[in-house]
Asks: 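First, the structure itself, so that you have it in front of you.
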There are 2 protein chains.
Amino acid sequence: MKSDKENIKIDGIDKKILRFLMTDARKPVLEIARKIGISGAAIHQRLRKLENSGLIAGSKFVINPKVLGYSTMAYVGIYLEKAMSNPVAVKALEQIPEVLECHYTTGNWSILIKVLCRDNEHLMQVLNNKIQQIDGVSRTETFISLDQQIERQITI
Amino acid sequence: MKSDKENIKIDGIDKKILRFLMTDARKPVLEIARKIGISGAAIHQRLRKLENSGLIAGSKFVINPKVLGYSTMAYVGIYLEKAMSNPVAVKALEQIPEVLECHYTTGNWSILIKVLCRDNEHLMQVLNNKIQQIDGVSRTETFISLDQQIERQITI
DNA sequence: GGTGAAAGAGGCGCAAC
DNA sequence: GTTGCGCCTCTTTCACC
């Protein structure tokens, strides 16, 4: 099982297969086969190729957090003290379940994170009691997402 | 098929099922059944309940964009002119495939977007030739993500 | 690269407890 | 809410084109 991360060639059929599965990971291979007019076995071969290439990183059920009462999303820019190493801060952030993403960024901040909370009060608690308590965090800037209007993956 | 978005009760078994499927949408229901010690039919019933509640929003194959040569991710804060309405700008942003997310935010900017490009030159072209060309966009601030260190969904 | 067939496994609904 | 059963579909591999 070798991995040709550089030499991957994707043709139109691969793209069609991926577009189906990117929007519904449980769509049966045979159903895709019927829709694009080739055999199920051919799709299997192509999927194996795409998996081995590393292009397919996995599959996920997507959860709607609002149903669980989580409706406040925010981005928080974090300033770290000079002495603070990024990996230590990231380790601390991993322990906070409300932190969904963490980026090491250029620009004003050292770190940009995405957090998901139940409401503004919960967000305030996470900022004051969890993030600000991390050793080396000097200051934060918070941007609340009032509405996420686009959410998609790379266009294949 | 009614939808009880407010009255959803998730017990420990539901959580276990969801945790399996959130990391591998194609994991067979019967395999999960064996691991947590109940019948496959019981899992089917619970999944139907969870789907009807709206908690399960769908499933996705996750693509690794680096294999396709996309390795520059950035966040861009966009300032809109006062006269500019947010929905018109969002419509324009939807037409740009490099834009993966778009948030209507509080704080300095009107809009915060996530963009994925092949490299810095590609990012520059997207900024100059696509985003800055949108009617009503006055200024942008770009934060390149040197490394995404956390990426996950809500903890169930 | 592609196909078709065949064996085994899983999906999914139903009746009963 | 759970179970066992049954039918049907899908998965996966194989030899072959």
Side-chain angles (χ1 to χ4, degrees), chain A residues 1-64 67-69 153 156, chain B residues 1-64 67-69 153-156:
Chain A
M1 193 192 289
K2 71 170 180 174
S3 175
D4 296 310
K5 297 224 180 193
E6 284 80 35
N7 300 329
I8 179 73
K9 294 266 187 286
I10 310 284
D11 68 10
I13 296 178
D14 291 324
K15 289 184 184 175
K16 282 184 186 174
I17 298 169
L18 287 172
R19 278 196 279 257
F20 277 115
L21 291 172
M22 283 170 74
T23 52
D24 178 6
R26 297 203 77 132
K27 187 175 280 281
V29 168
L30 286 180
E31 198 178 313
I32 299 170
R34 278 182 236 111
K35 287 200 178 166
I36 67 182
I38 62 174
S39 71
I43 306 226
H44 273 282
Q45 279 187 194
R46 284 167 177 274
L47 280 176
R48 250 201 315 278
K49 178 194 73 180
L50 293 172
E51 273 164 23
N52 290 343
S53 76
L55 214 205
I56 296 178
S59 63
K60 288 182 183 167
F61 258 55
V62 182
I63 297 302
N64 179 2
V67 176
L68 295 177
Q153 285 194 73
I156 300 279
Chain B
M1 192 193 291
K2 72 169 179 175
S3 174
D4 295 311
K5 297 222 181 194
E6 284 78 36
N7 301 329
I8 180 74
K9 294 266 186 288
I10 311 284
D11 70 8
I13 296 178
D14 291 325
K15 288 183 186 176
K16 281 185 187 171
I17 298 170
L18 286 172
R19 278 197 278 257
F20 276 115
L21 292 172
M22 282 171 73
T23 52
D24 178 5
R26 298 204 76 132
K27 187 175 280 281
V29 168
L30 287 180
E31 198 177 313
I32 299 170
R34 282 191 293 272
K35 288 199 177 168
I36 66 183
I38 63 175
S39 72
I43 305 226
H44 274 283
Q45 278 188 198
R46 285 166 177 274
L47 280 176
R48 249 202 312 281
K49 178 194 74 179
L50 294 172
E51 273 165 23
N52 291 342
S53 76
L55 214 206
I56 296 178
S59 63
K60 287 182 186 169
F61 257 58
V62 181
I63 296 302
N64 178 1
V67 176
L68 296 177
Q153 285 193 75
I154 186 175
T155 303
I156 300 280

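Chain A is the first sequence line, chain B the second, and so forth, proteins listed ahead of strands; every chain is numbered from 1. Quick caveat, the model's predicted, so the values are computed rather than measured.
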Asks: Say you draw a straight line from CG of A/Asn64 to CD1 of B/Ile154; how long is it, rounded to the nearest 0.5 Å?
Replies: 9.5 Å
Asks: Of all the heavy-atom pairs spanning B/Gln153 and A/Phe61, show the shortest one and how long it is.
Replies: NE2-O, 2.8 Å
Asks: Can you confirm whether A/Arg34 sits close enough to A/Leu30 that some side-chain heavy atom of one is under 4.5 Å from a side-chain heavy atom of the other?
Replies: yes
Asks: For nucleotides 3-17 of chain D, just jot down a letter per nucleotide in 5' to 3' order: B, S or -, based on protein non-hydrogen atoms under 4.0 Å.
Replies: BB-----BBBB----
Asks: Going by heavy atoms closer than 4.0 Å, what residues in residues 14-25 of chain B are next to DNA chain C?
Replies: none
Asks: So, taking the atom named CZ in B/Arg46 and the one named CD1 in B/Ile32, what distance separates them when rounded to the nearest 0.5 Å?
Replies: 12.5 Å
Asks: When you compare the side chain of A/Ile17 with that of A/Val29, does any pair of heavy atoms fall below 4.5 Å?
Replies: no
Asks: Testing the basics here: between B/Ala42 and B/Ile38, what is the closest heavy-atom pair and its distance to 0.1 Å?
Replies: CB-CD1, 3.9 Å
Asks: How far apart are the closest heavy atoms of A/Ala25 and B/Ser59, and which atoms are they?
Replies: N-OG, 2.9 Å
Asks: Are any non-hydrogen side-chain atoms of A/Asp14 and A/Ile156 less than 4.5 angstrom apart?
Replies: no
Asks: May I have the distance from B/Ile13 (atom CD1) to D/dG1 (atom P), rounded to whole angstrom?
Replies: 11 Å
Asks: As an exercise, state the distance from CE of A/Met22 to CD1 of A/Ile56, rounded to the nearest 0.5 Å.
Replies: 10.0 Å
Asks: Output the distance between atom NZ (B/Lys15) and atom CG (B/Leu50), rounded to the nearest 0.5 Å.
Replies: 12.0 Å
Asks: So where does chain A start and stop touching DNA chain C, 5' to 3', when the test is distance under 4.0 Å to a non-hydrogen atom?
Replies: C/dG1 to C/dG11
